[in-house]
Amino acid sequence: MRPTNRDDNHPQPPLLGSSGLDAILRCHGHRGDMCPQQRGDVCPEHTAGARPDSPLEAVTEEHLPLLIVCHEDPGCINRSQTAAVRRRFDAVLYFPTAPSFTRWLFSQERGDVVPWCVLLTGWREARPCAAAISAVRSGKSGNLRIDAKRPTLREPRGGDTSRIGTAVAAMIVSVSRGRQEQVASEWAPEGSAMAGLPLQIANSDGQVAQHLATLAHQMTVRITRLSV
C-alpha cells in the first residue's frame, strides 16, 4: 500500500506512474515536501533503529527528478510521455489549475534547496505558474490572485537569502502552432526572467518529449542516508 499523509486543508494531487520517489515524497509525514533525505540532508528517522555504538557511514544515492504537469488537459501527460521520458522521471504530479500548483509550491521548502522538479504547463497556466515561482523566490505574493486556500510561504532554508531556490528547476510551456506559439515565444524571455529559471516553448508533443528528456538527463536528485 502506498504511504499516505492526509492533509484536509491542502490535499495532495495524484501521483501518476509512481515508483521510489513517490514513497520518499510521502514518507515521515512531510505533507508532500521533500523529506530531509531528499534535500541532501541526513534524515534522522532513517537511522532510528541504529545502535548508538554502531559505526555509521554516509551513503549518497541518486534518484530521478519529478515531473510536474499543470495543464487543463490531463491527456497531455500520456501524449508527451515517450518510453525515454518515462525512464528519466520517477513520477508525475498533476495539477489541473495554476492555483492548485501554487498551493503545492508554497508548501515546499525554499531557500538553500536543490531543484528536483521539471514543470510542464499549457499556455493558459504558464504566466500564473511563473508568477508563483517568482513569489516563492522573492517572498512577495502580493501580485498573485487572492486564494484563501494558499498556505503562507515558508521561511527560507539556509543562511544565504541572496538567492532563493525552489523545487522547480525549469519550465516547459506546451502551445499550439500559429498565433499562440508566436505570443508565447515573445513572452518566454520575460517569463524566464520572472521565474528565474530556464523556460522553453514546445509546439508539439514531440518537442515536449524532447525537452523533457534533455532536462531529465541534466538533473539528478541526490539523497544522503546513514548506513550501519
Name each donor-acceptor pair under 3.5 Å that joins a side chain in residues 128-135 to protein atoms two or more places apart or in another chain, with its distance.
from	atom 1	to	atom 2	distance (Å)
Ser134	OG	Met194	O	3.3

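The two residues Ala195 and Arg137 make their nearest non-hydrogen contact at O-NE, 2.6 Å. Residues Gln180 and Ser176 share a closest heavy-atom pair of OE1-N, 2.9 Å. Heavy atoms only, all atoms of each residue included: Asp112 and Gly158 are closest at CB-CA, 4.0 Å.
Residues Val168 and Leu105 have side chains in contact (heavy-atom distance under 4.5 Å, counting atoms from C-beta outward). At least one side-chain heavy atom of Leu119 sits under 4.5 Å from a side-chain heavy atom of Cys70. The shortest distance between side-chain heavy atoms of Thr97 and Glu125 does not fall below 4.5 Å. Counting heavy atoms from C-beta outward, Arg150 and Leu144 have side chains that approach closer than 4.5 Å. At least one side-chain heavy atom of Trp123 sits less than 4.5 Å from a side-chain heavy atom of Val183. Thr121 places none of its side-chain heavy atoms less than 4.5 Å from the side chain of Ile172. In this structure the side chain of Leu120 never reaches within 4.5 angstrom of the side chain of Tyr94, judged on heavy atoms. Gln200 is not listed as a side-chain neighbour of Val173, based on a closest heavy-atom distance of 4.5 Å or more.
The main-chain N or O of Gly178 is never found under 3.5 Å from a side-chain atom of Gln182 such that the two would form a donor-acceptor pair. Under the 3.5 Å distance criterion, the side-chain polar atoms of Ser192 are left unmatched by any main-chain donor or acceptor of Ala188. With Arg110 contributing its side chain and Val136 its backbone, the two residues share a donor-acceptor pair below 3.5 Å. Not a single donor-acceptor pair under 3.5 Å links the side chain of Arg88 to the backbone N or O of Leu64.
Using cut-offs of 30° and 60° for the angle between ring planes, the Trp104 and Phe95 rings count as tilted.
A chain of hydrophobic side-chain contacts below 4.5 Å, direct or via other Ile, Leu, Val, Met, Phe, Trp or Tyr residues, connects Leu66 to Leu197. Placement of Ile164 and Met171 in two distinct hydrophobic clusters is found when ILVMFWY residues are connected by side-chain heavy-atom separations under 4.5 Å, directly or transitively.
Note that the CG atom of Leu153 and the CD atom of Gln108 stand 11.5 Å from one another [nearest 0.5 Å]. Rounded to the nearest 0.5 angstrom, Leu67 CG and Cys117 SG are separated by 9.0 Å. Taken to the nearest 0.5 Å, the CZ atom of Phe106 stands 11.0 Å off from the OG1 atom of Thr166.
Judged as a ring-ring contact (aromatic ring centres under 6.0 Å, His included), not a single pair has a partner in residues 130-155 (not counting sequence neighbours).
Legend: residues meeting side chain to side chain donor-acceptor pair (under 3.5 Å) with Ser141, ordered by chain and number and at least two apart, are absent. Taking the side chain to side chain donor-acceptor pair (under 3.5 Å) definition, one finds that Gln210 meets it with nothing, sequence neighbours left out. Partners of Ser185 by side chain to side chain contact (heavy atoms under 4.5 Å, CB included), not counting sequence neighbours, listed by chain and number: Glu181, Ile201. Under the salt bridge (Lys or Arg N to Asp or Glu O under 4.0 Å) criterion, Glu72 pairs with Arg124, not counting sequence neighbours.
At most 12 non-hydrogen atoms from other residues, nucleotides or ligands lie less than 6.0 angstrom from CD of Glu155.
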